[in-house]
Number of protein chains: 2
Amino acid sequence: MSCAQPYALQLRARGYRMTPQRLAILHVLHHSGKHLSPSEVYQQACVELPGLTETTVYRTLEFLTENGLARPAYMGSGHLVYEIAGHEHHHLKCRICGHEMEVRHDLLKTLYRQLESESGYRLTDSHVTFIGLCPDCQKGE
Amino acid sequence: MSCAQPYALQLRARGYRMTPQRLAILHVLHHSGKHLSPSEVYQQACVELPGLTETTVYRTLEFLTENGLARPAYMGSGHLVYEIAGHEHHHLKCRICGHEMEVRHDLLKTLYRQLESESGYRLTDSHVTFIGLCPDCQKGE
DNA sequence: ATTCTTATTGCAACTTTTTACAATAGTATA
DNA sequence: TATACTATTGTAAAAAGTTGCAATAAGAAT
């Protein structure tokens, strides 16, 4: 749980508390390195903290998202998955084999500026997932 | 239900059938002009076709999506909403007042090309929603 | 018009996600 | 170290969404 201290400070600075439940969930996300569904988070965090409930997992994932410690992604399955918040990025997923790759956020910078000047909005966030065919799956077309 | 014929032909061409259930749901989407949640679709379509079940609504929305007649959008609420498929577009939503505006797809064309050449993927689809502050809500900051 | 094929539906059971509320437990302060 | 404040949790129940399967009905063929 060596990853805990910075998270605890961030929460406390906002008037929230660090709890064993949040710690277990953060730990799972932090060390997983990939997207996890709420039930995957629940199963893994339960190992570290027996007695954890699914209700708490859902609530905590939403809470961490609101506070910038986790990021949800809609990967086309109809359900949200979560990952630890780190560098801002997006995803590109193959509709056939399911292979995923990251899309650097700076590729969207130009678009962001263009959108802001056209719309008058100030952009703060985005949910972006691209779907397509990876090089391998294009061959088998 | 004057909007039915073209839809029926599209489905039949793919080996599927037009049914009263699908017609009612398409009708609701077609004439709504905005995003609807599955339960909103259910309620409205039920008026036209009493006896319709929620199961069928969920299944039909997914079916229409797969066949290009409806489009799902993830609007940041954690739940999918649907609209009739027409011109391809994306969304920009104010995180405070909820106001939504459309983003033309051609604004993403450059990004698409860039992504394709960098990744080797062929892009076929995307789930894109931008979140920000609309001009009005920026004032109240 | 009738028959046949099978895509589609409704039902019922099940899983996932959300909500309300009382009990618990972080953490700031004395 | 003890106390107080209130953020957070677990419980239970409701709501939303999914799945398997037998019955139905769209539409092609006769």
Side-chain angles (χ1 to χ4, degrees), chain A residues 1 4-5 7-28 35-46 48-67 69-70 72-82, chain B residues 1 4-5 7-28 35-46 48-67 69-70 72-82:
Chain A
M1 299 277 184
Q5 204 58 19
Y7 294 136
L9 293 175
Q10 281 186 70
L11 292 186
R12 232 168 287 163
R14 290 169 170 247
Y16 300 116
R17 300 170 183 172
M18 180 52 82
T19 65
Q21 291 85 349
R22 287 177 180 169
L23 200 47
I25 291 167
L26 279 164
H27 189 246
V28 165
H35 294 123
L36 296 175
S37 68
S39 91
E40 288 169 328
V41 171
Y42 169 70
Q43 284 165 23
Q44 296 183 28
C46 250
E48 300 179 25
L49 189 72
L52 179 68
T53 64
E54 284 176 291
T55 301
T56 296
V57 170
Y58 283 109
R59 267 192 302 225
T60 300
L61 289 171
E62 191 183 343
F63 169 85
L64 294 175
T65 297
E66 280 167 4
N67 288 281
L69 302 188
Y74 170 63
M75 296 303 293
S77 68
H79 289 261
L80 288 178
V81 290
Y82 293 83
Chain B
M1 300 276 185
Q5 204 58 20
Y7 294 137
L9 293 176
Q10 281 187 68
L11 292 186
R12 231 166 289 161
R14 290 169 169 248
Y16 299 116
R17 299 168 184 175
M18 181 53 82
T19 65
Q21 291 85 350
R22 286 177 182 171
L23 201 46
I25 290 167
L26 279 164
H27 189 246
V28 165
H35 294 124
L36 297 174
S37 68
S39 92
E40 288 169 328
V41 171
Y42 170 70
Q43 283 164 23
Q44 296 183 28
C46 251
E48 300 180 26
L49 188 71
L52 179 68
T53 63
E54 285 177 288
T55 302
T56 296
V57 170
Y58 285 111
R59 266 192 301 225
T60 300
L61 289 171
E62 190 183 344
F63 169 85
L64 294 175
T65 297
E66 279 168 4
N67 288 281
L69 302 187
Y74 169 64
M75 296 304 291
S77 67
H79 290 260
L80 288 178
V81 290
Y82 293 83

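Here is how names work: the chains are called A, B, and so on, in the same order as the sequence lines, proteins then strands, and each is numbered from 1. Everything numeric in this text was worked out from a predicted model, so none of it was measured.
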Are B/Y58 and D/dG17 close enough that a side-chain N or O sits under 4.0 Å from OP1 or OP2? yes

Mutual orientation of the aromatic rings belonging to B/Y16 and B/F63 [parallel < 30°, tilted 30-60°, perpendicular > 60°]: perpendicular

Separation of atom CD in A/E54 from atom C1' in C/dT19, rounded to whole Å: 15 Å

From A/L11 CG over to A/L23 CG, what is the distance, rounded to the nearest 0.5 angstrom? 10.0 Å

Please name the pair of heavy atoms, one in A/I25 and one in A/A45, separated by the smallest distance, quoted to 0.1 Å. CG1-CB, 4.2 Å

Does a nitrogen or oxygen in the side chain of A/T19 sit under 4.0 Å from OP1 or OP2 of C/dA25? no

Step through the shown structure and confirm whether more than 12 heavy atoms of other residues, nucleotides or ligands are within 6.0 Å of CD on B/E40. yes

Check every atom of D/dT8, C/dT8, C/dT9 against the side chain of B/T56 and return the nucleotide holding the closest atom. C/dT9

By the 4.0 Å heavy-atom rule, please label A/G51 as base, sugar-phosphate, or nothing. sugar-phosphate

Using a cut-off of 4.0 Å on non-hydrogen atoms, how would the nucleic acid contact of A/R12 be classed: base, sugar-phosphate, or nothing? sugar-phosphate

Whole Å only: how far is the CG atom of B/L52 from the C1' atom of C/dT9? 10 Å

With the side chain defined as heavy atoms from C-beta on, B/T55 is closest, among C/dT9, C/dA12, D/dG10, to C/dA12

Here the distance between atom P of C/dA7 and atom CD of B/E66, to the nearest Å, is 14 Å

How many whole angstroms separate atom CZ of B/F63 from atom P of D/dT19? 17 Å

Rounded interatomic separation in angstrom, taking CZ from A/R14 and P from C/dT27: 16 Å

Indicate, yes or no, whether a donor-acceptor pair under 3.5 Å links the base of C/dG10 to the side chain of B/R59. yes

To the nearest Å, how far apart are B/N67 CG and C/dT8 C1'? 13 Å

At under 4.0 Å, does any side-chain N or O of B/Q21 touch on OP1 or OP2 of D/dA25? no

Protein-nucleotide distance (A/Y16, atom OH; D/dC5, atom P), rounded to Å: 21 Å

Round to the nearest Å and state the distance from B/L49 atom CG to D/dT24 atom C1'. 14 Å

Starting the side chain at C-beta, find the nucleotide from C/dT6, C/dT16, C/dT19 nearest to A/H79. C/dT16

On DNA chain D, check which nucleotide each of B/L80 and B/M18 is closest to and give me the residue with the more 5' one. B/L80

Side chain of A/R17 - closest among D/dC5, C/dT8, C/dG10: D/dC5

Only one of B/E48, B/R22, B/Q44 passes side chain to side chain donor-acceptor pair (under 3.5 Å) with B/H27, and that residue is B/E48

